[in-house]
Amino acid sequence: MTLKKDVLLEEYDNYLDSDEQLSDFIRMNAEWNEESFLLLKSLVSKILGYCDILEDVPKIITFLFSFEIDWIINTISNPLFTKVPPENFTQEEYKDFINNRIQYLEQMKNDFYEKYY
């Protein structure tokens with residue numbers, strides 16, 4: 001494992017332990033956290049940049065794609081999740097925004113499985 005990948009994995013571990021970890025934030029606040037999503041997306045993309053084959057992918061990242069992303073998608077797909085939008089969204093805008101995030105997460109998961117399985 002390269003030093004840079006080790007540093008990225010340490011950042012990812014810190015992210016997982018933070019209050020801003022996306023699935024924990026959704027679970028605790030029942031709303032989307034865009035900053036957390038962007039950090040997750042960035043860290044995972046950088047870590048996977050060092051992985052040519054499945055054996056190179058850290059187990060914690062495989063867990064994300066095997067379980068965590070599905071949990072996030074299932075939770076935010078529930079109509080109750082978008083029932084009360086944040087102040088800067090109308091209900092329809094928030095539904096569209098969340099649907100875009102669902103599509104992105106599904107694509108991210110599909111890309112992972114196409115590359116490594």
[atom1]-[atom2] distance between [X] and [Y], expressed to the nearest 0.5 angstrom:
X: Met28; Y: Gln21; atom1: CE; atom2: CD; answer: 11.5 Å
X: Trp32; Y: Thr82; atom1: CH2; atom2: OG1; answer: 13.0 Å
X: Ile60; Y: Leu9; atom1: CD1; atom2: CG; answer: 8.0 Å
X: Phe81; Y: Thr75; atom1: CZ; atom2: OG1; answer: 8.0 Å
X: Phe37; Y: Arg101; atom1: CZ; atom2: CZ; answer: 4.5 Å
X: Lys109; Y: Tyr113; atom1: NZ; atom2: OH; answer: 6.0 Å

[Y] side chain reached by [X] side chain, heavy atoms, under 4.5 Å:
X: Glu10; Y: Val7; value: no
X: Thr62; Y: Phe112; value: yes
X: Ile26; Y: Asn33; value: no
X: Ile69; Y: Met108; value: yes

Please lay out, stage by stage, how Tyr12 and Ile61 fare under the test side chain to side chain contact (heavy atoms under 4.5 Å, CB included).
CA-CA 9 Å; Tyr12 186 71; Ile61 300 297; 3.8 Å; yes

For Asn88, does the CG atom have more than 12 heavy-atom neighbours from other residues, nucleotides or ligands under 6.0 Å away?
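It does: Asn88 CG has more than 12 such atoms within range.
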
Looking at Glu35, I want to see if its CD is surrounded by more than 12 non-hydrogen atoms of other residues, nucleotides or ligands under 6.0 Å.
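Not buried by this count: 12 neighbours or fewer within 6.0 Å.
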
List the steps and the verdict of side chain to side chain contact (heavy atoms under 4.5 Å, CB included) for Cys51 and Lys5.
CA-CA 9 Å; Cys51 304; Lys5 185 177 175 186; 3.6 Å; yes

Any donor-acceptor pair under 3.5 Å linking the side chain of [X] with the backbone of [Y]?
X: Asn29; Y: Glu31; value: no
X: Ser45; Y: Lys41; value: no
X: Tyr15; Y: Leu22; value: yes
X: Ser36; Y: Glu20; value: yes

Members other than Phe67 in its cluster, when Ile, Leu, Val, Met, Phe, Trp, Tyr link by side-chain heavy atoms under 4.5 Å?
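ILVMFWY cluster around Phe67 also holds Phe63.
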
Does Lys4 make a cation-pi contact with Tyr50 (under 6.0 Å, within 45 degrees of the axis)?
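Cation-pi check for Lys4 and Tyr50: fails.
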
When you look at Asp24 and Asp19, which way does the side chain to side chain contact (heavy atoms under 4.5 Å, CB included) test go after all the steps?
CA-CA 7 Å; Asp24 286 349; Asp19 292 337; over 6 Å; no

Decide if the gap between the ring center of Tyr116 and the ring center of Phe65 is smaller than 6.0 angstrom.
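For Tyr116 and Phe65, the ring centres are not under 6.0 Å apart.
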
Ignoring hydrogens and geometry beyond distance, is a side-chain donor-acceptor pair present between Asn110 and Glu106 at under 3.5 Å?
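Checked: Asn110/Glu106 side chains show no N/O donor-acceptor pair below 3.5 Å.
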
With side chain to side chain contact (heavy atoms under 4.5 Å, CB included) as the test, would you mind laying out the steps for Phe89 and Ile98 before giving the verdict?
CA-CA 11 Å; Phe89 286 95; Ile98 294 300; over 6 Å; no

